[in-house]
Amino acid sequence: MQKLNSSEEISVLEHDLDELKKSNRFEDDHDNTCTILSTRLERLLKERELRKSLKSYNVDVRSNGGMENNNNNVVDNQIITSTSDKLPTEEELGNGIRINKTVSNEHVIPDHRPSKHRLLVVANRLPVSAVRKGDASWQLEVSVGGLVSALLGITEFETRWIGWAGVNVPDEIGQKSLTEALAKKRCVPVFLEDNIVHLYYNGYCNNILWPLFHYLGIPQEDWLATICNFQSQFDAYKKANQKFADVVKENYQEGDVVWCHDYHLMFLPKCLKEKNPNMKVGWFLHTPFPSSEIHRIMPSRSELLTAVLAADLIGFHTYDYARHFVSACTRILGLEGTPVGVEDQGRLTRVAAFPIGIDSDRFVRAVQLPRVKNHIKEFEERFGSRKVMLGVDRLDMIKGIPQKLLAFEKFLEENPNWRDKVVLLQIAVPTRTDVPEYQKLTCQVHEIVGRINGRFGTLTSVPIHHLDRSLDFHALCALYAMTDVALVTSLRDGMNLVSYEFVACQASKKGVLILSEFAGAAQSLGAGALLVNPWNVTEVASSIAYALNMPSDEREKRHHHNYMHVTTHTSQEWAGTFVSELNDTVVEAQLRTKQIPPQLQSEHAVGRYRCSNNRLIILGFNATLTEPVNADGRIDQFKEMELNLHRELEEPLKKLCDDPRSTVIIVSGSHRSVLDKNFEDYNIWLAAEHGVFLRTANKKWIQNLTENIHIDWIESVKHVFEYFTERTPRSFYELRETSIVWNYKYSDLEFGRLQAKDMLQHLCTGPISNASVEVVQGGRSVEVRANGVSKGVGISGILGQVIHDKDMKAPIDYVLCVGHFLPKDEDLYMFFEPELPAITVTPTHSSLGSPTNGFSPNHSEERSKSDDHSVITSDSDNGCFYMNGNMTINAASNNGSSVLDLQGDNYFSCAVGRKQSMARYLLNSSADVVALLKKLAD
Ligand SMILES: O=P(O)(O)OC[C@H]1O[C@H](O[C@H]2O[C@H](CO)[C@@H](O)[C@H](O)[C@H]2O)[C@H](O)[C@@H](O)[C@@H]1O
Ligand SMILES: O=c1ccn([C@@H]2O[C@H](COP(=O)(O)OP(=O)(O)O)[C@@H](O)[C@H]2O)c(=O)[nH]1
């Protein structure tokens with residue numbers, strides 16, 4: 001075998017990885033969830049393996065001093081230096097040029113292999129914040145915060161950052177010069193005016209979303225503050241998101257992956273997809289997502305969820321947050337939660353957990369730097385033999401700094417022997433200083449620190465060193481490295497990277513991590529850390545005592561556990577996995593979309609209608625022609641249950657019914673009385689109970705499906721339905737003549753489903769075990785109906801009656817069939833479908849005989865494939881009609897006259913509010929039906 005040199009070997013591994021990423025294993029046109037899932041898993045496993053080989057290869061090369069050079073540490077120094085207190089270099093911000101870390105100190109050779117994928121990272125904050133030094137002169141400083149730290153670790157992609165530079169730049173010169181300065185760092189600024197920043201960032205983001213997502217509630221709305229009320233802040237939020245979207249659009253190239261970050265940009269996925277539905281859009285939340293009960297508090301709860309659901313993939317740090325999100329979507333939006341995400345009418349948004357990590361190598365190596373070692377020495381001299389405890393937090397209410405201080409106070413109180421032997425260093429980085437809550441917190445913390453130092457301090461030392469400022473990277477690493485006990489007491493924290501960074505820097509000291517159970521990190525570092533409830537001051541105080549007295553072998557074991565996690569679950573892995581899953585998700589969605597019928601183009605349907613002379617319009621009723629009363633997002637069960645014809649339809653429907661060239665038939669599951677009430681004055685045909693009953697043109701009801709409809713089971717089923725209705729809040733049942741429906745669409749969905757399962761079990765073993773019935777399960781309903789009844793079965797008799805009564809001589813040359821039907825009743829769409837291999841409307845149960853007035857159903861015989869017209873032949877003497885089956889394939893094949901001739905294209909079957917359907921087309925809602933019928937009537 002030919003021996004490769006080191007960079008060739010890396011190339012091969014990276015090439016394999018890229019190829020694997022690009023490979024499309026989903027060539028099969030037929031969507032099959034199992035295939036997709038196993039393929040995705042296979043691919044991710046393979047990718048993980050390759051990444052591991054690549055990583056261990058890099059480590060080997062590094063530890064061997066590299067093949068080309070053995071002085072690589074110094075090169076690493078340079079890289080570390082530039083990502084920390086200096087600005088990140090172009091390379092570090094991911095410009096597609098890889099730094100070959102194994103080459104000589106003086107010659108950092110860029111590696112121009114062009115295999116990186118373009119990634120647009122969109123976050124409120126850019127990795128650098130700008131400070132203006134003159135009209136066209138700018139100083140760029142690295143921004144502080146976990147999001148920036150983590151994203152700086154991404155090196156696998158050709159990354160561009162889009163975000164706010166943290167400064168108001170109203171003038172053109174300033175904007176131009178800052179744009180140029182940032183371009184060198186592969187950053188693109190979004191310019192936000194001061195008032196927008198105030199309402200969007202300080203207001204909606206940090207005064208409403210931030211506390212709410214961290215379970216701190218939301219401030220009471222100040223009605224007098226006309227500018228700062230919720231609505232104006234929300235408007236500014238949407239406006240700001242739109243600005244981000246505009247900048248993304250300007251920088252987007254086809255094929256780019258767009259990765260939106262955090263609670264600041266929940267509207268961005270919607271804005272982006274509206275502009276370009278094909279854009280690959282991911283969204284990741286860095287904070288917790290709270291229980292749906294908390295999210296419900298938000299005045300704009302539904303809009304936010306809907307907007308973010310436009311993304312293809314949504315990521316959270318932990319499974320808990322993902323679970324809460326899905327639950328909010330099901331409970332608040334009434335959508336379908338599945339094991340892989342949230343489904344809205346067939347469109348799936350994938351939701352999953354992607355725990356973030358840090359660039360651990362950067363910290364591990366930093367501790368070896370002379371500069372950091374000097375800092376460590378300096379600190380050790382300063383604190384002497386005292387044990388050092390460390391807190392590093394932004395000065396934020398979620399970090400639990402007052403609780404931490406109180407616990408430390410309690411510890412000192414209970415352990416007098418430790419008072420002069422321990423010191424707590426608290427680095428509290430000022431943050432969001434324009435928000436009043438943060439200002440209050442600063443005062444509160446200062447007050448507590450002063451009190452404790454006054455109480456336990458001496459003339460020469462104090463127990464707490466509190467700093468209201470940030471540290472540079474080297475000082476921070478030195479502090480992490482020389483600390484004995486790190487204290488993280490967040491009340492809630494998305495992840496908390498400080499805990500990871502501490503562990504990465506502790507290779508030699510192996511100190512103890514006390515970690516809040518409410519930080520995301522507790523799920524990953526829980527094994528090695530001492531987990532505490534920060535609200536329980538007594539527990540935290542005793543954990544401090546335990547940590548300070550912990551024997552070294554226990555410390556080592558705990559540290560090892562966490563160190564392994566931190567060094568394997570890196571920010572590179574995190575980003576790689578997210579982007580890879582996003583790509584997969586998009587491929588899967590494309591496959592799914594292929595199976596979704598297209599939207600009905602109303603112009604086309606109307607154009608064909610105009611050119612036709614004998615049209616048939618078949619319409620469902622419930623959720624097709626009824627008025628939605630939840631236009632504001634709120635469901636009004638009381639009004640909705642009344643089932644009223646949409647008011648805007650009254651006039652156009654009348655017009656259509658009165659047109660001599662059109663026949664309008666309503667085919668509904670409802671009781672005849674409901675249809676009578678709504679269509680009293682219309683010149684219309686009504687089919688109630690899925691076609692069992694028919695009201696003819698002279699307004700008389702006849703029984704369309706007559707034979708052997710037994711209903712002796714109804715009473716006992718009603719009894720069961722009553723029982724479950726009593727026990728399932730907001731559920732109800734509807735009793736008809738030949739069926740009964742239990743509906744739980746307004747109930748708690750999960751509870752409703754459990755109840756439905758229970759009900760089915762009970763029904764099948766009891767009341768209907770021997771009855772000639774069918775149980776039809778809807779998304780949120782259970783219906784028991786007489787065997788063999790469906791809209792598709794009923795239609796042939798109805799059609800027969802219509803043709804007979806109207807004495808129709810010319811063939812029907814146009815059919816529009818629109819409804820929000822259960823899958824069972826979609827056989828109605830298929831009835832008119834010319835390209836079917838066989839018509840399967842045959843009642844399968846002998847209990848139901850032939851319809852009196854209609855055609856004797858054929859028995860699924862193969863029909864001629866060459867026939868592309870729907871043709872029903874009539875024998876008008878006996879009123880029988882035969883469709884499609886090889887009994888009578890077309891007018892020419894027997895002597896009957898043709899009554900249906902749709903020329904293939906003049907058939908518009910259309911499912912309302914569904915994505916999976918046998919219909920040819922889709923309409924989104926009854927509002928679309930209104931618009932369509934209005935156009936037809938005009
Ligand atoms: O940009 P700022 O308003 O100054 O705030 C700084 C960042 O704070 C939050 O960080 C979160 O992200 C970390 C990384 O995922 C995570 O470990 C931590 O638990 C979170 O609090 C915020 O989410 C970021 O957007 C801010 O940039
Ligand atoms: O003086 C400081 C203090 C903190 N940090 C960084 O700020 C981030 C804090 O992230 P974390 O996830 O713990 O919390 P967040 O502030 O994002 O809520 C970490 O990467 C720290 O290294 C920093 O750069 N300088």
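Both ligands and their constituent atoms are indexed starting at 1 by order of listing. Starting from 1, each residue takes its place in the sequence as its number.
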Q: Could you list the atoms of ligand 1 found under 4.0 angstrom from a heavy atom of T287?
A: 23 (O)

Q) N/O of V498 under 3.5 Å from N/O of ligand 2, yes or no? A) yes

Q. With under 30° as parallel and over 60° as perpendicular, where do the rings of F316 and F289 fit, or are they tilted in between?
A. perpendicular

(Q) Does only the side chain of V392 get under 4.0 Å from ligand 2, or the backbone, or both, or neither? Count heavy atoms. (A) side chain

Q | Numbered atoms of ligand 1 (with element) below 4.0 Å of W210, judged on heavy atoms | A | 9 (C), 21 (O), 22 (C), 23 (O)

(Q) Measuring from atom NE2 of H466 to atom CG of L405, what distance do you get when rounded to the nearest 0.5 angstrom? (A) 8.0 Å

Q: Compute the shortest N/O to N/O distance between G494 and ligand 1 and return yes if it is under 3.5 Å, no if not.
A: yes

Q.
Nearest 0.5 angstrom please: H264 NE2 to W210 CH2, how far?
A. 7.5 Å

Under 3.5 Å, which donor-acceptor pairs link side chains of residues 522-530 to any protein atom two or more places apart or in another chain?
{"unit_1": "Q523", "atom_1": "NE2", "unit_2": "D320", "atom_2": "OD2", "d": "3.1"}
{"unit_1": "S524", "atom_1": "OG", "unit_2": "Y500", "atom_2": "OH", "d": "2.8"}
{"unit_1": "S524", "atom_1": "OG", "unit_2": "A521", "atom_2": "O", "d": "3.2"}

Q. Which one holds for R125 and ligand 1: side chain close, backbone close, both close, or neither close, with close meaning a heavy atom under 4.0 Å?
A. side chain

Q | Exercise: do Q242 and D246 side chains pair donor with acceptor under 3.5 Å | A | yes

**Q.** N/O separation below 3.5 Å, K399 to ligand 2
**A.** yes

Q. Of all residues at least two apart in sequence or in a different chain, which pass the salt bridge (charged side-chain N to carboxylate O under 4.0 Å, His left out) check with R296?
A. E293

Q.
Give the atom numbers and elements of ligand 1 that come within less than 4.0 Å of a heavy atom of Y263.
A. 23 (O)

Q) What about R394: any of its N or O atoms under 3.5 Å from an N or O on ligand 2? A) yes

Q. Are V503 and Y563 close enough, and set up right, to give a side chain to side chain contact (heavy atoms under 4.5 Å, CB included), and what steps lead you there?
A. CA-CA 6 Å; V503 171; Y563 189 79; 4.2 Å; yes

(Q) Rounded to the nearest 0.5 Å, what separates atom CG in L216 from atom CD1 in I398? (A) 8.0 Å

Q) Is V429 touching ligand 2 with its side chain, its backbone, both, or neither, if touching means heavy atoms under 4.0 Å apart? A) side chain

Q. Charged N to carboxylate O under 4.0 angstrom, K280 versus D312?
A. no

Q) Within the structure, does N124 bring an N/O atom to less than 3.5 angstrom of an N/O atom in ligand 1? A) no

**Q.** Contact check: H286 vs ligand 1, nitrogen or oxygen atoms, below 3.5 angstrom
**A.** yes

Q.
Below 4.0 Å, non-hydrogen atoms only: which portion of E501 touches ligand 2? Side chain, backbone, both or neither.
A. side chain

Q.
Once you restrict to heavy atoms under 4.0 Å, what part of F213 touches ligand 1? Side chain, backbone, both or neither.
A. neither

Q) Any N or O of I356 that comes nearer than 3.5 Å to an N or O of ligand 1? A) no

**Q.** Atoms of ligand 1 close to H264 [distance to a heavy atom under 4.0 angstrom, numbered from 1]
**A.** 25 (O)

Q. Taking distance alone, with no angle check, do Y201 and ligand 1 share an N/O pair under 3.5 Å?
A. yes

Q: If the plane angle is over 60° it's perpendicular, under 30° parallel, otherwise tilted; pick one for H286 and F284.
A: perpendicular

**Q.** Residue portion contacting ligand 1 (non-hydrogen atoms closer than 4.0 Å) for N496
**A.** backbone

(Q) Tell me whether N206 contacts the main-chain N or O of Y201 through its side chain, where contact means a donor paired with an acceptor under 3.5 Å. (A) yes

Q) At under 4.0 Å between heavy atoms, which part of L476 makes contact with ligand 2: side chain, backbone, both or neither? A) side chain

Q: Determine, considering heavy atoms only, which of H317, R394, H261 sits nearest to atom 6 (C) of ligand 1.
A: R394

